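Read through the structure below, which is laid out as structure tokens, and then see the notes.
Fair warning: this is a prediction, and the values are worked out from it, not measured in the lab. A note on names: the letters A, B, ... follow the listed sequences, proteins ahead of strands, and every chain is numbered from 1.
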Amino acid sequence: MKFDTAATTNPIDRLRIIGQPADRIDGRLKTTGTAPYAYERQDIPGDMAHAYVVVAGIAKGRIGAMTLEDAQAAPGVLAIVTAANAGELGQGKMNTARLLGGPHVEHYHQAIAVVVAESFEQAREAAQAIRVTWLPEEGNYDLAAARTAMGDAGQEDDTRVGDFEAGFASAPVQLDATYTTPDQTHAMMEPHATIAAWDGGSLTVWCSNQMVAWTRGDLALTLGLEKEKVRLVSPYVGGGFGGKLFLRADTVLAALAARATGRPVKLALPRPLIANNTTHRPATIQRIRIGAGRDGRIAAIAHESWSGNLKGGDPETAVDQTKLLYAGAHRLTGLRLAELDLPEGNSMRAPGEAPGMMALEIAMDEMAEKLGMDPVEFRILNDTQVDPADPSRPFSQRQLVECLRRGAERFGWSRRQARPGQVREGSWLVGFGMAAGFRNNLQTKSAARVRLDGDGGVIVETDMTDIGTGSYTILAQTAAEMMGVALDRVAVRLGDSDFPASAGSGGQWGANNSTAGVYAACVKLREAVAQALGFNASDAVFEDGEVRLGNRAVPLAEAGALSAEDRIEYGDLAKRYQQSTFAGHFVEVAVDAATGEVRVRRMLAVCAAGRILNPKTARSQVIGAMTMGVGAALMEELAVDTSRGFFVNHDLAGYEVPVHADIPHQEVIFLDETDPLSSPMKAKGVGELGLCGVGAAVANAVYNATGVRVRDYPVTLDKHLARLPAVA
Amino acid sequence: MPDPVPLDLCLQVNGAPRQLSLDPRTTLLDALRDHLHLTGSKKGCDHGQCGACTVLVNGRRINACLSLAVMHDGDAITTIEGLGTPDALHPMQAAFIRHDGYQCGYCTPGQICSSVAVLEEIAAGIPSHVTGDLTAEATFTAEEVRERMSGNICRCGAYSNILDAITEVAGA
């Protein structure tokens with residue numbers, strides 16, 4: 001199904017099942033511990049062997065010698081695979097560094113060997129017995145030093161509208177400030193894990209991956225196989241946040257280990273290796289300049305971001321939202337990429353916008369203060385309903401102003417004291433902060449197969465993944481709505497490369513595209529049903545387990561075991577209309593006047609993100625993102641050892657993420673919105689929107705409480721303690 | 001080095017005796033997951049940092065990854081599988097579903113085991129870091145629950161909903 005004109009009324013609009021806050025259909029499995037995650041499969045034939053990964057102890061250089069004899073002689077050891085005996089390996093399209101290093105080492109904790117043994121304990125013990133002589137080389141690990149060396153010169157690929165320099169110079173009110181965001185790690189709860197088994201020349205991997213088709217393709221490329229020889233199964237994913245978008249070392253090493261031993265092999269990355277072995281969100285240094293008239297209208301806005309990556313890697317696209325979020329005639333955005341020898345930087349939840357909004361939305365707060373304006377009103381004044389670079393391109397829907405107004409009213413924003421550091425409750429300094437939220441909606445083709453079981457039940461099959469987002473449930477709701485059956489009559493099977501290729505889970509594109517793919521398959525199936533039962537497909541009503549037209553009603557079961565497959569694909573609607581999602585984030589914090597400790601007291605997000613397919617699971621996406629935003633604002637930072645080139649705090653004790661005690665009750669309001677330009681579902685993404693801006697709302701609330709502006713995330717107490725108001 | 005000699009032990013798991021002969025390096029968590037195929041208890045960090053492996057041992061919650069199986073000969077272990085099943089949910093499991101107190105599901109068994117234990121700890125008058133008066137009866141408050149649950153990380157960020165689920169079960 002090609003979606004190239006605005007959606008009109010369709011069966012989804014009935015909202016009997018779609019749009020309802022249904023409990024997750026996989027909830028009984030997840031809450032009873034019976035949902036099988038990758039490492040836990042018991043249904044794999046053969047004598048399972050266990051593998052343990054060995055990693056590089058230097059950031060850059062070479063392996064001088066690797067002594068394997070002790071490990072090979074250790075009890076239970078079946079094989080040791082290194083780059084020297086693995087055979088020729090290719091490189092996945094999505095990978096920058098090789099997943100099995102050696103003799104050349106590209107980053108710290110790069111995998112250099114895998115030990116296979118009869119038991120986990122034996123493999124782990126033997127892995128410790130491998131002796132490596134390192135030949136380290138000098139590397140570049142310091143983004144701040146690289147940024148200084150690069151200077152402020154623009155680049156050819158900068159995006160310019162109007163004349164930023166002239167517009168900024170003539171603006172009576174100016175801000176020129178630099179913000180930093182640190183490297184962050186996804187820290188999903190389930191480590192990367194794979195079981196691999198070969199059957200002749202065919203390979204099956206049971207793993208934890210967000211993008212089945214991408215990763216199947218990259219695994220085939222890496223191993224030099226035809227894609228058809230690889231099956232990838234990933235029905236339950238214990239969190240991803242972008243860290244499981246790609247083929248990673250666990251899957252390659254498990255496959256190599258299984259090939260070397262002729263047995264199925266299971267391997268999980270140990271937690272302390274994940275931060276350096278896998279990908280992370282790169283740190284940024286962001287310079288923002290805003291020039292405005294005394295009336296508060298932005299005349300000129302510039303956003304430049306410096307980030308680093310391995311050679312061949314990409315920059316963190318932290319300036320993208322600044323092209324679209326606020327009006328202003330003169331604009332400049334640019335990305336500066338430094339070559340660093342730290343581990344590979346790549347996507348983490350809302351790549352680009354998450355760190356970009358952390359900086360931009362503090363800058364907007366600072367600018368509002370300079371103008372003597374309320375930060376909500378300043379943003380509303382500079383709203384734009386069109387792409388500022390191309391006014392002929394309107395937004396498909398843009399309710400940012402409504403998000404801000406509704407949020408301000410609900411939160412009691414009028415009680416905010418504009419002058420910071422004024423509100424005390426005992427030993428606490430209290431502050432309010434807000435920020436806009438912004439994240440684009442992406443259209444991506446997505447396929448599905450929908451079958452009737454002949455007994456009134458419906459089966460959905462697609463390689464879509466559910467990484468906690470609720471895919472199982474919203475796909476079931478879509479099929480139930482379309483085929484007119486109860487939700488419990490739909491079975492959903494996901495995460496298997498034998499099923500039609502979906503959009504996958506990433507970039508908050510999963511929900512809208514994968515449900516639209518199921519919608520397309522259901523439209524086809526309805527036609528087949530209508531034909532089988534002698535109905536006119538366009539007029540037949542599918543409801544309550546029946547197909548009806550006029551006085552005639554036939555049970556769906558009588559159509560027999562029919563099947564239909566289709567995919568949604570898109571025309572140029574995203575070119576003609578800017579499709580984005582919007583939010584207003586509001587936060588109250590209290591800062592201990594003596595210790596500087598920050599406590600988040602209240603959080604509110606008002607979101608406009610098209611049709612909300614399931615308000616219960618969508619709300620969970622948003623509160624989860626708000627929680628991650630608190631982490632980004634107040635605690636999350638991979639600390640870089642700039643002399644040895646690695647992330648020091650590489651486990652869940654050193655890398656702090658929010659826990660129960662850090663998070664207050666969170667409120668989420670979804671504005672009533674449908675977007676007929678997004679898909680037949682009229683939905684958009686929401687899972688990343690909730691993260692974009694919330695960190696700045698927290699930081700702005702801390703400033704409002706203390707009067708001390710911290711521009712370097714995370715806002716830890718050491719950064720404002722010495723400058724706090726005197727303890728009363 | 002030679003392989004360690006396996007040790008025999010018996011765990012009372014979810015009410016049933018389970019005889020095992022294990023490499024003494026085997027953690028209680030790996031005994032449950034890899035040897036008894038009770039994979040509801042999760043391995044998130046294997047270092048006592050995340051709480052995904054929380055089980056009840058003789059009625060008290062522990063991180064199963066931080067304990068060797070051979071230290072538990074004769075102990076009564078309750079895992080998530082012992083609290084309830086998909087067809088016969090424990091009230092806490094049902095409350096987690098109603099309040100959507102989970103997303104990816106990986107920390108969920110540990111959260112639920114901890115939740116059940118937290119209510120028992122409060123009922124037993126065991127104080128926590130935020131208990132103001134150590135001589136008074138411990139009470140069910142949001143602050144108490146958040147503090148006591150803070151050893152169970154949920155990266156998906158379902159905390160606000162988990163608190164709602166626990167509050168419902170507590171009848172508070």
Face-on cation placement of A:Lys30 at B:Tyr102 ring, 6.0 Å and 45° thresholds:
no
Applying a strict 4.5 Å limit to non-hydrogen atoms, the region of A:His50 in contact with chain B is side chain
Partner set under salt bridge (charged side-chain N to carboxylate O under 4.0 Å, His left out) for B:Arg98, not counting sequence neighbours
B:Glu168
Cut-off 4.5 Å, heavy atoms of chain B, and the answer for A:Phe241 is side chain
Identify which part of A:Tyr655 has an atom lying under 4.5 Å from any heavy atom of chain B, answering side chain, backbone, both or neither.
side chain
Sub-4.5 Å heavy-atom contacts with chain A: which residues of residues 29-45 of chain B show up?
B:Asp30, B:Arg33, B:Asp34, B:His37, B:Thr39, B:Gly40, B:Lys42, B:Lys43, B:Gly44, B:Cys45
At a 4.5 Å cut-off on heavy atoms, which part of A:Thr31 comes close to chain B: side chain, backbone, both, or neither?
both
Contacting moiety of A:Thr617, where chain B heavy atoms sit under 4.5 Å:
both
Largest heavy-atom contact set with chain B, pairs under 4.5 Å, which of A:Ile623, A:Asp26, A:Asp662
A:Ile623
Contact part of A:Ile467 toward chain B, heavy-atom cut-off under 4.5 Å: side chain, backbone, both or neither?
backbone
Most chain B-contacting option - heavy-atom pairs closer than 4.5 Å, from A:Gly240, A:Ala625, A:Ser119, A:Pro272
A:Pro272
Please state whether the side chain, the backbone, both or neither of A:Ala35 comes within less than 4.5 Å of a heavy atom of chain B.
backbone
